[in-house]
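Take a look at the structure below.
Each chain gets a letter, A, B and so on, in the order its sequence line appears, and its residues count up from 1.
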Amino acid sequence: MDAYERITRNAAEVVTEEEVETLADDPDGKRAYVGYEPSGVLHIGHLLTANKLIDLQQCGFEVVVLLADVHASLNDKGTFEEIRDTAEQMKEQFLAYGLEEANTEFVLGSSYQLDEDYELDLHSLQVGTTLKRAQRAMAELQGDDTAKVSHVVYPLMQALDIEYLDVDLAVGGMDQRKVHMLAREELPELGYDAPTCLHTPIVGDLETGEGKMSSSTGTTISMEDSTAELEEKVNAAFCPPTADPEGDLVNPVLEIFRYHVFPRFDEVVVERPDEYGGDLVYGSYDALEADLESGELHPADAKSALAASLDELIAPGRERLRELRG
RNA sequence: CCGCCCUUAGCUCAGACUGGUAGAGCAGCCGACUGUAGAUCGGCUUGCCCCCCGUUCAAAUCGGGGAGGGCGGACCA
């Protein structure tokens, strides 16, 4: 797999392809970033972008993980002390998950976002951006909370972060695309470059196959799930024997195989009772999908394999969390 | 600052006029059926009725105060 392929695999979109091709021509030392609001426990959504960061590292990129304490504060997520504490836990979990420590720079937002230059640039952005535009950028992230002034400052800071972290590629979920598009339009107004962006898909809800999986409502997979909890959650997942269910639904079990399992494992073994034909081995997502579609692989067997794979992926982080919490 | 409207289950809302400590749909949970889940049946759960004070034997309901949210306050009509 060449650099361009690895950079763009499993991406929902890149903006623009030409710009990414240029990065892929000489990826060594290029910088990519994702920003996260500090959270005590990583969930599967975090891991989806982390997988992309791992891809990028394998291509030679330096990765910057922004632990966005100021953003969390703007989102009313607690005191700075609490937020920084969870930021530290988040960093440890990312490392346990598989980000290369030597090639990952963890940056606390407050380490530069309170500087004068940053503040003045932020005000310039505020002058140049309409309320409607900022609110639209934030709509995907904010939910239906009452709009606060902090909510419109938030995406402007995200835009500015891309410049101040000196990154060549901004990575985020599709929920971040409006923020990134805002950055592409507004940063040049301040004399900065428009950032190149890469967006990961948003995985469908585990239980219903609808929309995006939510971390606050419904079921999500997280770094602290026990083996038994993983089995329970995966077993409860929506999983018709097809990759393309009726309507707008998706098959979340397949999606997780595609976006979480196969990128991290060369081979997936599906343990299957002899009565149903014995074990199966898959070297690619496509092969697994084809077997589910044909009926060769039963959803229940796919699920137990998925739970086992997730357990393996999460185990180091789960262990690290246990150590951190004493 | 002024005016009007809203606040009841996780969600959307009924109930308020004619006081008697609350309902529906959806969601959720459990079971049946499928070698998964869903669908489909069957069953079940859920509430500081925004807060405080007052009237009353009795307040979600009436009165007063407060909080939060929405909308409006040139001209024209």
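- Summarising the base pairing, B/C44 is matched to B/G28 through a Watson-Crick or G-U wobble pair whose two defining distances lie under 3.5 Å.
- In a base pair of the Watson-Crick type (N1 to N3 plus N6-O4 or O6-N4) or a G-U wobble (N1-O2 and O6-N3), with each distance short of 3.5 Å, B/G38 is matched with no nucleotide.
- As rounded to whole Å, 9 Å separates atom C1' of B/U36 from atom CG of A/Asp301.
- B/C62: Watson-Crick or G-U partner is B/G54, with both key distances under 3.5 Å.
- Taking atom C1' in both B/A59 and B/C53, the straight-line distance is 13 Å, to the nearest Å.
- A 3.5 Å limit on both hydrogen-bonding distances identifies B/U7 as the Watson-Crick or G-U partner of B/A67.
- Evaluation of the side chain to side chain contact (heavy atoms under 4.5 Å, CB included) rule for A/Ala12 yields A/Met174, A/Pro201 as partners, not counting sequence neighbours.
- Figure legend. B/C75 is base-paired to no nucleotide; pairs are counted as Watson-Crick or G-U wobble with both atom distances under 3.5 Å.
- RNA chain B lies under 4.0 Å from at least one heavy atom of each of the following residues of residues 228-238 of chain A: A/Asn235, A/Ala236, A/Ala237, A/Phe238.
- Separating the CG atom of A/Asp205 from the P atom of B/G38 is a distance of 12 Å, rounded to the nearest angstrom.
- The P atoms of B/C50 and B/A16 are separated by 15 Å, rounded to the nearest whole Å.
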Give every pair of a protein N or O atom and an N or O atom of nucleotides 26-34 of chain B that lie under 3.5 Å apart, one pair per line with the distance.
none

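- The residues A/Lys77 and A/Glu37 are annotated as salt-bridged, a charged nitrogen and a carboxylate oxygen being separated by less than 4.0 angstrom.
- Remark: A/Arg9 is not positioned above the aromatic ring of A/Phe262, lacking an NZ or CZ atom under 6.0 angstrom from the ring centre and at most 45 degrees off the axis.
- Nucleotide B/C49 forms a pair with no other nucleotide shown, judged by Watson-Crick or G-U wobble geometry with both contacts under 3.5 Å.
- The nearest whole Å value for the distance from the CD atom in A/Glu275 to the P atom in B/G35 is 11 Å.
- Between the side chains of A/Asp291 and A/Tyr282, at least one donor N or O sits under 3.5 Å from an acceptor N or O.
- When the C1' atom is compared between B/C17 and B/C57, the two are found 23 Å apart, to the nearest whole Å.
- Taking the P atoms as reference points, B/A27 lies 9 Å from B/U40, given to the whole Å.
- Spacing of C1' atoms, B/C30 relative to B/U45, comes out at 10 Å, to the nearest Å.
- No more than 12 heavy-atom neighbours from other residues, nucleotides or ligands sit within 6.0 angstrom of CD on A/Glu116.
- Across all strands shown, B/A14 forms no Watson-Crick or G-U wobble pair with both distances under 3.5 Å.
- When the C1' atom is compared between B/G47 and B/A32, the two are found 30 Å apart, to the nearest whole Å.
- With sequence neighbours excluded, no residue forms a ring-ring contact (aromatic ring centres under 6.0 Å, His included) with A/Tyr285.
- Shortest non-hydrogen contact noted between A/Arg6 and A/Lys52 is O-NZ, 3.2 Å.
- The separation of B/G54 from B/G68, taken at their C1' atoms, amounts to 23 Å, rounded to a whole angstrom.
- To the nearest angstrom, C1' of B/G35 lies 15 Å from CG of A/Leu280.
- Counting only residues at least two apart or in different chains, side-chain hydrogen bond (donor to acceptor under 3.5 Å, both in side chains) contacts with residues 297-309 of chain A are absent.
- Partners of A/Tyr112 by ring-ring contact (aromatic ring centres under 6.0 Å, His included), not counting sequence neighbours, listed by chain and number: A/Tyr118.
- Between the side chains of A/Gln158 and A/Gln176, at least one donor-acceptor pair of N or O atoms lies under 3.5 Å.
- A straight line from CG of A/Asn251 to C1' of B/G38 spans 11 Å, rounded to a whole angstrom.
- Contact annotation for A/Pro245: no contact, since no heavy-atom pair falls under 4.0 Å across all strands.
- Per the geometry, CZ belonging to A/Arg272 stands 15 Å off P belonging to B/U36, to the nearest Å.
- Between the CG atom of A/Leu297 and the C1' atom of B/G35 there is a distance of 12 Å, given to the nearest Å.
- A/Thr196 pairs in a side-chain hydrogen bond (donor to acceptor under 3.5 Å, both in side chains) with only one of the listed residues (A/Arg184, A/Glu19, A/Glu18, A/His180), which is A/Glu19.
- Straight-line distance from the CG atom of A/Leu249 to the P atom of B/A37: 17 Å, rounded to whole Å.
- The C1' atoms of B/A22 and B/C13 are separated by 13 Å, rounded to the nearest whole Å.
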